[in-house]
Amino acid sequence: MSQRTIAEMRTAIAMDPLEPHVWRHGTVVAGTPWKNPVGTASGTFNLDACGGYYDVSQMGAISTKGVSPVPWEGNPTPRTAESPAGMVNSVGLQNPGVDHYLVDELPRLKALGATVVTNVAGHSDEDYAIVVERLADSPADMLEINVSCPNVSHGGMSVGTDAKALNRLITRLRGLTDKPMVVKLTPNVTDIVEVARAAVDGGADALSLINTLVGMRIDINTGKPILAQGTGGVSGPCILPIALSFVWRVRQALPDIPIIGIGGIDSGRTALEFLYAGANAVEVGAAALVDPVAPMRVARELDDLLDERPDLAELLKKGKCWR
């Protein structure tokens with residue numbers, strides 16, 4: 001880097017995380033302008049908590065916690081466990097439901113000037129349809145369909161693991177909204193390209209990948225799983241190489257679909273890797289649980305890195321990708 005080291009940038013942001021930034025390098029995802037190519041990953045952002053650390057309107061986009069048709073209490077505790085270079089969680093998409101979201105969090109985010117990607121969760125195709133219908137006329141900028149939830153209409157398996165079931169669901173949802181629809185793909189499949197293609201053929205405007213990988217930890221004092229549910233989702237720096245390979249493979253197979261890269265991003269440099277792998281934007285997740293300012297820090301680091309990469313920056317500005 002020619003201007004400032006990563007350490008210097010982190011120090012500057014830590015000193016004044018709420019200071020407005022003049023973004024030089026934006027992107028466009030499925031026709032939606034982002035101030036910069038960095039958003040928050042669903043499940044790791046809460047307005048009341050994160051809003052005290054940085055100006056949420058300064059992010060490329062805010063992907064909210066999964067919204068369900070009715071309030072979900074989530075899974076029993078313990079819900080989280082540490083892991084080398086990452087964590088395992090089984091929170092269970094706890095949220096107050098779509099009605100509360102529409103009168104509380106979404107209006108507040110829009111009042112602050114945020115670009116909002118509303119994450120949609122469901123345990124059945126009908127669940128997804130209810131939420132998408134409720135959000136169809138809302139001020140949300142984009143919808144992100146989380147197809148990694150256990151799905152009762154799919155035998156308890158995630159609908160995102162079955163290309164035919166996924167295509168059927170996305171086709172149904174496409175008829176319910178004109179909003180840009182992002183499908184968040186699970187990596188727990190044999191062929192990520194098959195399910196990615198099924199989502200696109202069903203009407204997805206963009207893809208976000210990857211969601212968490214299945215994993216667990218064992219308490220050696222009891223011999224039992226640490227998480228009450230047994231297994232959970234692995235996230236953090238440990239999944240970075242896996243996530244990059246999934247983005248790369250989907251980009252090679254689907255050269256025109258916008259992609260949001262997720263998985264292990266904790267710096268501008270790792271975000272840049274995703275852009276070179278073929279992503280149009282990225283979302284920062286687990287890093288924010290360690291460093292609440294991480295999404296903003298990554299965005300500013302990436303803005304500086306793109307100064308030195310005008311060809312890439314120009315492609316992103318036009319809604320295109322490197323590959």
(request) Apply the test side chain to side chain contact (heavy atoms under 4.5 Å, CB included) to residues Leu213 and Asn188: give CA-CA distance (whole Å), side-chain angles for both, the deciding distance (0.1 Å), then the verdict. (result) CA-CA 6 Å; Leu213 292 138; Asn188 302 301; 4.1 Å; yes
(message) Val28 vs Asn280, test: side chain to side chain contact (heavy atoms under 4.5 Å, CB included). Steps then yes/no.
(response) CA-CA 7 Å; Val28 179; Asn280 302 76; over 6 Å; no
(message) Which residue in the set Leu244, Val282, Val38 passes side chain to side chain contact (heavy atoms under 4.5 Å, CB included) when paired with Ile265?
(response) Val282
(message) Looking at every heavy atom in both Pro258 and Val29, which two are closest together, and how far apart are they?
(response) CB-CG1, 4.2 Å
(request) Following the transitive rule for hydrophobic clusters with a side-chain heavy-atom cut-off under 4.5 Å over Ile, Leu, Val, Met, Phe, Trp and Tyr, establish whether Val147 and Ile260 coincide in one cluster. (result) no
(message) Can you confirm whether Lys65 sits close enough to Glu105 that some side-chain heavy atom of one is under 4.5 Å from a side-chain heavy atom of the other?
(response) no
(request) For Trp248, enumerate each residue passing the ring pair (Phe, Tyr, Trp, His ring centres under 6.0 Å) test, keeping only those at least two apart in sequence or located in another chain. (result) none
(request) Determine, using the 4.5 Å side-chain heavy-atom cutoff (strictly less than), whether Val247 and Ile210 are members of one ILVMFWY cluster. (result) yes
(request) Go through the side-chain N and O atoms of Ser90 and Asn75 and say whether any donor and acceptor fall under 3.5 Å apart. (result) yes
(message) If we ignore hydrogens and angles and just use 3.5 Å, is the side chain of Tyr128 paired with the main-chain N or O of Asn146 as donor and acceptor?
(response) yes
(request) Could you verify whether a donor N or O on one side chain and an acceptor N or O on the other, from Ser68 and Asn95, lie under 3.5 Å apart? (result) yes
(message) Is it the case that over 12 heavy atoms from other parts of the model lie below 6.0 angstrom from the CD atom of Glu82?
(response) no
(request) With sequence neighbours excluded, give me every salt bridge (charged side-chain N to carboxylate O under 4.0 Å, His left out) pair touching residues 203-215. (result) Arg174-Asp205
(request) Of all the heavy-atom pairs spanning Pro76 and Gln229, show the shortest one and how long it is. (result) CD-OE1, 3.5 Å
(message) For Asp178, is the CG atom crowded, meaning more than 12 foreign heavy atoms sit under 6.0 Å from it?
(response) no
(request) State plainly whether one hydrophobic cluster holds both Leu112 and Met59, where clusters connect Ile, Leu, Val, Met, Phe, Trp and Tyr through side-chain heavy atoms under 4.5 angstrom apart. (result) yes
(message) Tell me whether Gln94 contacts the main-chain N or O of Gly74 through its side chain, where contact means a donor paired with an acceptor under 3.5 Å.
(response) no
(request) Taking the side chain as every heavy atom from C-beta outward, state whether Met142 and Trp34 have any atom pair closer than 4.5 Å. (result) yes
(message) Under a 3.5 Å distance rule, please check whether Arg251 uses its side chain to pair with a backbone N or O of Ile257 as donor and acceptor.
(response) yes
(request) Mind checking the CD1-CG spacing from Ile145 to Asn119? Nearest 0.5 Å is all I need. (result) 8.0 Å
(message) If we check side chain to side chain contact (heavy atoms under 4.5 Å, CB included) with Arg197, which of these qualifies: Leu166, Asp191, Leu254?
(response) Leu254
(request) In plain terms, say whether Arg24 and Asp304 are close enough for a salt bridge, that is, a side-chain N and a carboxylate O under 4.0 Å apart. (result) yes
(request) Considering non-hydrogen atoms only, spot the tightest contact between Cys238 and Gly86 and give its length. (result) SG-CA, 4.1 Å
(message) Please say yes or no: joined through hydrophobic side-chain contacts below 4.5 Å, possibly via intermediate residues, are Val193 and Ile262 part of one cluster?
(response) no
(request) Answer yes or no: is there a side-chain heavy-atom contact under 4.5 Å between Lys179 and Ser138? (result) yes
(message) Let me confirm one number: the CG-CG distance from Asp127 to Leu169, rounded to the nearest 0.5 Å.
(response) 10.5 Å
(message) Checking side-chain polar atoms at under 3.5 Å, does Ser267 have a donor or acceptor matched by the opposite partner on Thr270?
(response) yes
(message) Could you go through Leu306 and Asn36, starting from their C-alpha distance and side-chain angles, then the distance that decides it, and tell me whether this counts as side chain to side chain contact (heavy atoms under 4.5 Å, CB included)?
(response) CA-CA 10 Å; Leu306 288 172; Asn36 58 73; over 6 Å; no
(request) Specify the closest pair of heavy atoms between Ser42 and Gly66, including all atoms of both residues, with the distance to one decimal. (result) OG-N, 3.5 Å
(message) If hydrophobic residues (ILVMFWY) are linked whenever their side-chain heavy atoms come closer than 4.5 Å, directly or via other members, who joins Val91 in its cluster?
(response) none
(request) Working to the nearest 0.5 Å, report the span between CG of Asp307 and CG of Leu302. (result) 10.0 Å
(message) Do Leu289 and Ser235 have side chains that approach each other closer than 4.5 Å (heavy atoms only, starting at C-beta)?
(response) no
(message) Connecting only ILVMFWY residues whose side-chain heavy atoms lie within less than 4.5 Å of each other, what is the rest of Leu93's hydrophobic cluster?
(response) Val70, Trp72
(message) Working note: Glu283 + Ser208, criterion side chain to side chain donor-acceptor pair (under 3.5 Å); need CA distance, chi angles, decisive distance, verdict.
(response) CA-CA 9 Å; Glu283 292 177 359; Ser208 58; 5.3 Å; no
(message) With side chain to side chain contact (heavy atoms under 4.5 Å, CB included) as the criterion, how do Val183 and Glu144 come out once you've worked through the C-alpha distance, each side chain's angles and the decisive distance to 0.1 Å?
(response) CA-CA 6 Å; Val183 177; Glu144 183 179 52; over 6 Å; no
(message) Please find the pair of heavy atoms, one from Thr161 and one from Val189, that lie closest to each other, and give the distance.
(response) CA-CG1, 3.7 Å
(request) Measure the spacing between OG of Ser83 and CZ of Arg217 and express it to the nearest 0.5 Å. (result) 5.0 Å
(request) Look at the side chain of Asn167 and the backbone N and O of Ala198, then say whether any donor-acceptor pair between them is shorter than 3.5 Å. (result) yes
(request) Could you tell me the separation between the CZ atom of Phe246 and the CD1 atom of Ile259, rounded to the nearest 0.5 Å? (result) 12.5 Å
(request) State, with a plain yes or no, whether a side-chain heavy atom of Val67 is found less than 4.5 Å away from one of Leu102. (result) no
(request) Using a 4.5 Å cut-off on heavy atoms from C-beta on, say whether the side chain of Arg323 contacts that of Gln252. (result) yes
Output side-chain donor-acceptor pairs under 3.5 Å for residues 312-322, partner residues at least two apart or in another chain, one line each.
none

(request) Could you go through the salt bridge (charged side-chain N to carboxylate O under 4.0 Å, His left out) check for Arg108 and Asp104 one step at a time? (result) CA-CA 6 Å; Arg108 289 195 290 147; Asp104 183 70; 3.2 Å; yes
(request) Evaluate the side-chain proximity of Val234 to Val88: yes if any heavy-atom separation is below 4.5 Å, no if none is. (result) yes
(message) One thing to verify: whether Arg297 and Asp291 come together as a salt bridge, which I'm taking to mean a side-chain N less than 4.0 angstrom from a carboxylate O.
(response) yes
(message) Starting from Ile218 and following side-chain heavy-atom contacts under 4.5 Å between hydrophobic residues (I, L, V, M, F, W, Y), which residues can be reached?
(response) Met216
(request) Kindly give the heavy-atom pair with the smallest separation between Gly203 and Ile170, and that separation in Å. (result) N-CG2, 4.0 Å
(message) If you define the side chain from C-beta out and look only at heavy atoms, does anything of Val116 sit under 4.5 Å from Thr64?
(response) yes
(request) Report yes or no: do Leu109 and Val98 belong to one cluster of Ile/Leu/Val/Met/Phe/Trp/Tyr joined by side chain heavy-atom distances under 4.5 Å? (result) yes
(request) Could you grab the distance from atom CD1 of Ile62 to atom CG of Asp141, nearest 0.5 Å is fine? (result) 11.0 Å
(request) Give a yes or no answer on whether the side chain of Glu194 reaches the backbone of Ala163 with a donor-acceptor pair at less than 3.5 Å. (result) no
